[in-house]
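Note that this is a predicted model, so its numbers are computed, not measured.
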Amino acid sequence: MANAGTKPPSRAEHVGSLPRPERLLEAREAYRAGKLAGPALAALEDECIREAVAMQERVGIGAITDGEFRKTGWREFLFEKCDGFAKEPGEAAFDFTTFEGTKWAAQGEPKCVAPLKRRAPLSADDFAALKAMTRRPIKANLPTPSIAHFRGDVSFDHKVYPDRQAFFAALTAIMREEIADLARRGCTYLQMDEVPMAVLCDPRNQQRVRERGENPDGLIDTYIDAINQSIKERPAGMTVAVHLCRGNLGHGMADGGYEPVADRMFNLLHVDGFFLEYDTPRAGDFAPLRFVPRDKSIVLGLVSTKMNALEDKSALKRRLDEAGRFVPLERLAVSPQCGFASTEMGNPISAEMQEAKLRLVVELARETWDTA
């Protein structure tokens, strides 16, 4: 666990994405319409990222990100920067449920229709640009390979890849190539965002997977192996943490604690730590943390990026005490449960509330551990 001069994660973290400024959204629309040149868009991205960096430095958050301002979403850049995926989105694998109870289907992931190839850096260029903007610790973000398989084995053309093993071999090769590029540019902290494994904690989603003819337990094993294969060549000095997410809208795509995956996930994944959602009851209780081995850290996502109200600090401290029954406080940290803008449109939270929530995370960390 990071204190001064030690490895990340820090006591006060955030997942990464931040709401895009309106002028950046307008500029991106103009670029797509052919009304704004690429260099002009890049210059505005730089300007907006510098403002986001200044905000994070002002708040005192542990690891700085670029807010994912150059990306259209947390996963889309994988499909946009690799050859082999269809241009059209696929059907949604699972439905979102809003806080009001309405079911809503997001666009699904595109199908793999040709051999996969990393055409351009996924995050390495963005990381290098951010590195030049701050002297504070920074981190890079990548999706885990499982997101390309969210819809199951229909996610790839079996004439291209005859089976799941071959498909994941291609995906993990792309990840290793990207991680090597990040390492060459000085990246020592990587966060990988994992959704399917968290969604499969829900017994209803497990049943949906069975109904499509697949074994949910087998998928979890596959997704764990895919992360391990992706990071197996990382340099010794690179910290890797996995962020678990059930969907960053309303109640998301799943209800249910981490119990179905906890033992395997915490003990078989060759990573240094985990970012876990714990902002609402849908994430279950802290009991699955009993499986966390002594060499891994847990960042508790106690603050919500989906609700435009500031949490009560004393209630958060009680939650930390509850978690401390299963993992010692010295191996815990705090953060929001997800990013503030998993897609470029972002969550309905004002910039002022976003900064207040990050400041709350930092205050909570300093009052608990005397450091952020």
Side-chain angles (χ1 to χ4, degrees), residues 1-18 52-67 130 134-141 187-193 237-245 258 266 271-279 283 286 288-290 292-305 310-340 353-372:
M1 185 63 64
N3 293 311
T6 61
K7 66 185 294 187
S10 299
R11 297 295 187 185
E13 288 271 350
H14 75 117
V15 169
S17 64
L18 300 169
V53 167
M55 182 275 291
Q56 294 171 78
E57 291 178 338
R58 180 169 66 246
V59 167
I61 205 74
I64 305 293
T65 76
D66 64 0
L130 175 62
T134 181
R135 295 183 179 180
R136 294 283 305 282
I138 63 176
K139 69 178 174 180
N141 290 67
C187 178
T188 59
Y189 186 13
L190 172 65
Q191 177 186 301
M192 301 187 77
D193 298 312
M238 180 184 287
T239 295
V240 178
V242 169
H243 166 232
L244 275 290
C245 178
Y258 298 101
F266 292 139
V271 299
D272 303 287
F274 297 87
F275 283 69
L276 302 179
E277 293 181 313
Y278 270 114
D279 62 321
F286 293 119
L289 299 183
R290 70 190 185 278
V292 178
R294 294 181 179 180
D295 62 342
K296 293 178 182 176
S297 302
I298 298 293
V299 183
L300 297 173
L302 301 178
V303 172
S304 176
T305 64
L310 195 62
E311 286 78 1
D312 177 71
K313 192 192 301 180
S314 61
L316 298 180
K317 288 181 178 180
R318 288 194 294 272
R319 296 281 282 159
L320 266 174
D321 289 339
E322 292 172 20
R325 293 169 50 205
F326 300 96
V327 176
L329 273 177
E330 59 264 25
R331 289 196 282 120
L332 295 177
V334 290
S335 74
Q337 103 288 348
C338 199
F340 289 91
M353 180 58 69
Q354 162 206 277
E355 182 168 347
K357 284 177 178 274
L358 292 180
R359 195 178 302 280
L360 174 62
V361 167
V362 172
E363 291 173 359
L364 179 61
R366 286 177 175 161
E367 292 176 18
T368 303
W369 296 284
D370 295 325
T371 183

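Side-chain atoms of Gln191 come within 3.5 Å of backbone atoms of Val15 as a donor-acceptor pair (strictly under, hydrogens ignored). Listed for the Arg331 side chain is a donor-acceptor partner under 3.5 Å among the backbone atoms of Lys296. Remark: the backbone N or O of Pro9 is not paired with any side-chain donor or acceptor of Asp272 at under 3.5 angstrom. For the pair His14 (side chain) and Gly62 (backbone), a donor-acceptor distance under 3.5 Å is absent. Between the side chain of Thr188 and the main chain of Gly237, no donor-acceptor pair closer than 3.5 Å is present.
Closest approach of Glu13 and Pro336 over heavy atoms only: O-CD, 3.3 Å. Contact between Thr368 and Leu364 at its shortest, heavy atoms only, is OG1-O, 2.7 Å. Scanning both residues, Thr65 and Gly16, for their nearest heavy atoms gives OG1-O, 2.7 Å. Residues Ala323 and Leu332 share a closest heavy-atom pair of CB-CD1, 4.1 Å. Shown here for Ala283 and Glu277, the closest heavy-atom pair between the two residues is CB-O, 3.1 Å. Taking both residues in full, the closest heavy atoms of Trp369 and Ala333 are given as CH2-CA, 3.8 Å, listed atom of the first, atom of the second, then distance.
In this structure, the side chain to side chain donor-acceptor pair (under 3.5 Å) partners of Arg58, at least two apart in sequence or on a different chain, are Glu355. In this structure, Arg325 has no salt bridge (charged side-chain N to carboxylate O under 4.0 Å, His left out) partners at least two apart in sequence or on a different chain. For Ala12, the side-chain contact (heavy atoms from CB on, under 4.5 Å) partners are Ile61, Val361, Val362, Ala365, Ala372, not counting sequence neighbours. The side-chain contact (heavy atoms from CB on, under 4.5 Å) check on Pro137 picks up nothing, with sequence neighbours excluded. Partners of Tyr278 according to the side chain to side chain donor-acceptor pair (under 3.5 Å) rule, which considers only residues two or more places apart in sequence or in another chain, do not exist here. With sequence neighbours excluded, the residues that form a salt bridge (charged side-chain N to carboxylate O under 4.0 Å, His left out) with Glu367 are Lys313, Lys317.
Interatomic distance, Ser17 OG to Asp66 CG, rounded to the nearest 0.5 Å: 10.0 Å. The CG atom of Leu130 sits 4.0 Å away from atom CD1 of Ile138, with the distance rounded to the nearest 0.5 Å. Taking NZ of Lys357 as the reference point, atom OG of Ser335 lies at 12.0 Å (rounded to 0.5 Å). A distance of 11.5 Å separates CE of Met238 from NZ of Lys7, quoted to the nearest 0.5 Å.
Of the charged side-chain nitrogens involved, at least one lies within less than 4.0 Å of a carboxylate oxygen, so that Glu322 and Arg319 count as a salt-bridged pair.
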Is there a side-chain contact (heavy atoms from CB on, under 4.5 Å) between Leu320 and Leu302? Walk through the geometry before answering. CA-CA 9 Å; Leu320 266 174; Leu302 301 178; 4.2 Å; yes
Evaluation steps, side-chain contact (heavy atoms from CB on, under 4.5 Å), between Arg11 and Arg366: CA-CA 8 Å; Arg11 297 295 187 185; Arg366 286 177 175 161; over 6 Å; no
What do the steps show when you test Phe286 against Leu300 for side-chain contact (heavy atoms from CB on, under 4.5 Å), and what is the final call? CA-CA 10 Å; Phe286 293 119; Leu300 297 173; 4.1 Å; yes
Give the intermediate values and the outcome of side-chain contact (heavy atoms from CB on, under 4.5 Å) for residues Leu289 and Leu276. CA-CA 10 Å; Leu289 299 183; Leu276 302 179; 3.6 Å; yes
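No side-chain heavy atom of Met192 sits less than 4.5 Å from a side-chain heavy atom of Val271. The closest side-chain heavy-atom distance from Phe340 to Leu358 is below 4.5 Å. Between Cys338 and His243 the shortest side-chain heavy-atom distance falls below 4.5 Å. Side-chain contact check for Leu18 versus Gln56: some heavy-atom pair is nearer than 4.5 Å.
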